[in-house]
Amino acid sequence: MKKVIFKNFIVILMLALLLSGSIFSIVISNILSKNTRQNMLNILHIIDQTINYEADLKAQIEELSIIYESNKVRITIMDIKGNVLADSDISEHTSMDNHIDREEIEEALREGNGWSRRKSDTLKISMLYVSYMSVQGDYILRIAMPFSGLMDYILILLPAILLSLGVTLIISMILANRFSRSITKPLYEISEELLKLQENNPEFSFRPYEYYELNLIADTTKRMADAVKESMKKIEFEKMIRQEFFTNASHELKTPITSIKGYIELLENGMATDDNMKKEFMSRIKKEAQNMDSLINDILMISRLETKEAEVTITEVRICPLINELIASLKPLAAENQVTVEMSCKPIALSANYGQMRELFNNLITNAIKYNKPNGKVKINVTIEGRDAIFIVEDTGVGIPEESKQRVFERFYRVDKGRSKKMGGTGLGLSIVKHIVNYYNGSIELDSKVGRGSKFTVRIPIS
Ligand code: ADP
């Protein structure tokens with residue numbers, strides 16, 4: 001890249017020099033030719049004024065030519081038919097043809113004066129011819145002198161041209177080098193910094209560069225790296241959570257399995273001496289199996305919600321009949337805990353998955369019954385507020401301490417582990433509730449006072 005920049009820089013410079021040089025020489029050449037022509041015309045004016053056309057023209061011209069000899073100037077006098085009357089170039093004038101068809105003569109006859117530039121047949125060098133119609137009589141005067149335009153000066157100018165060319169070339173090489181370095185050096189630095197990406201916790205430091213575009217690259221790189229770092233952190237965090245969940249789930253499953261194994265061993269070893277004891281062991285085994293069953297169901301539910309299962313069947317779910325049906329099925333649990341359940345329900349139909357809605361209400365209502373007190377109450381209220389459906393499940397139960405309010409939505413978190421286990425809780429219910437609420441872009445709020453009761457308020461937008 002450095003080489004390409006360098007090469008292009010020099011090529012552009014050379015082209016610019018060539019172009020400006022050509023324009024300059026054309027302009028100067030024109031000025032030079034115009035000035036010389038004017039000078040020659042002035043000489044012709046003077047000759048016309050000083051010459052006596054009645055006297056011997058040849059003698060006068062010869063006299064004049066002495067003055068101009070050193071300049072190789074040739075003066076010719078013709079009549080208006082182009083016949084040469086006198087010529088300072090004595091050697092030739094006798095054999096001189098008629099000049100009427102010469103360009104400068106034709107022009108002089110037309111316009112009073114004329115000029116032309118051509119190679120002289122006799123001298124074989126480039127000559128400038130200027131002719132002039134005499135104001136004294138019917139004569140044409142012509143003056144000719146060698147003229148090569150700028151070429152006459154090229155030898156004088158050559159050292160200056162070469163010197164300036166050399167100096168410009170050296171300066172432009174230094175500048176091109178500096179310019180290409182000012183681009184490539186930051187790029188090297190940026191790529192060097194980028195190597196840090198291989199490190200665990202890369203910290204990029206870019207110095208401010210001369211060019212906006214390079215700063216932009218540095219800036220974008222930094223932001224990209226930050227984004228990568230952020231998502232790496234997120235991935236790490238999710239990995240940790242998953243690992244934790246896995247460990248917790250295995251642990252939770254191990255407990256009922258260990259109990260079941262224990263009861264079976266007791267039965268095998270004949271520890272159950274009578275039928276009642278046998279029945280007791282059997283029913284404990286059944287209870288543990290049920291616990292395992294609900295735990296596995298909850299784990300499956302969570303993993304389905306987390307993977308945001310694509311195939312979630314959405315229907316119009318009528319909330320009141322769903323809750324009524326749930327209350328009916330939870331009647332034995334309510335009775336067992338001596339809790340009464342009340343409901344006030346505004347008819348609402350939500351576009352949702354029936355299973356998920358059932359799970360949501362089932363967890364909230366079951367908790368309200370389970371963590372209640374004898375003669376306690378559960379109040380369920382379904383209303384509409386603006387464009388949101390509001391579900392409130394309120395109980396007069398044990399309440400949740402302030403420090404646990406946030407944590408009850410975590411997986412496997414239980415305020416009172418013993419009570420939860422006794423009630424067949426998995427520690428996953430509220431975490432599932434939160435997942436479902438999030439799935440429908442809703443929110444959940446918890447109000448609770450220890451010993452007084454808890455109030456869960458769910459808000460879901462009606463789409
Ligand atoms: P669990 O299966 O243990 O009930 P949840 O995730 O449903 O798990 O609830 C987490 C914990 O929050 C429970 O163990 C319980 O301690 C507490 N909790 C949940 N709901 C209530 C409630 N209505 N009143 C008092 N405590 C509750």
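First listed ligand is number 1; within each ligand, the first listed atom is number 1. Keep in mind the model is a prediction, meaning the values are calculated, not measured.
Atom OG in Ser283 sits 8.5 Å away from atom OH in Tyr263 (nearest 0.5 Å). One finds the CE atom of Met14 at 6.5 Å from the CD1 atom of Ile10 (value rounded to the nearest 0.5 Å).
For the pair Gly425 and ligand 1, the shortest N or O to N or O distance does not fall below 3.5 Å. Close N/O approach between Gly429 and ligand 1 is found [any backbone or side-chain N/O within under 3.5 Å]. At least one N or O atom of Val415, backbone or side chain, sits closer than 3.5 Å to an N or O atom of ligand 1. At a 3.5 angstrom cut-off on N or O pairs, Leu430 counts as close to ligand 1. The N/O atoms of Thr426, backbone and side chain alike, include one that comes under 3.5 Å of an N/O atom in ligand 1.
The part of Asp416 lying near ligand 1 is the backbone, judged by heavy-atom distances below 4.0 Å. Heavy atoms from both the backbone and the side chain of Val408 come within less than 4.0 Å of ligand 1.
When hydrogens are left out, the protein atom nearest atom 8 (O) of ligand 1 is Gly427 CA, 3.2 Å; that is the closest non-hydrogen contact. Closest to atom 4 (O) of ligand 1, if we only count protein heavy atoms, is Tyr371 OH, 2.7 Å.
Checked for salt-bridge contact, Glu325 and Arg318 miss the test: no charged N lies under 4.0 Å from a carboxylate O.
Heavy-atom contacts of Leu428 reach the following atoms of ligand 1: 6 (O), 8 (O) (cutoff under 4.0 Å).
For Lys370, the closest heavy-atom approach to ligand 1 falls below 4.0 Å.
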Derivation of the salt bridge (charged side-chain N to carboxylate O under 4.0 Å, His left out) call for Glu238 and Arg242: CA-CA 6 Å; Glu238 274 170 16; Arg242 230 166 256 272; 5.2 Å; no
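Cation-pi geometry between Arg419 and Tyr371 is not satisfied (NZ or CZ under 6.0 Å from the ring centre, within 45° of the ring normal).
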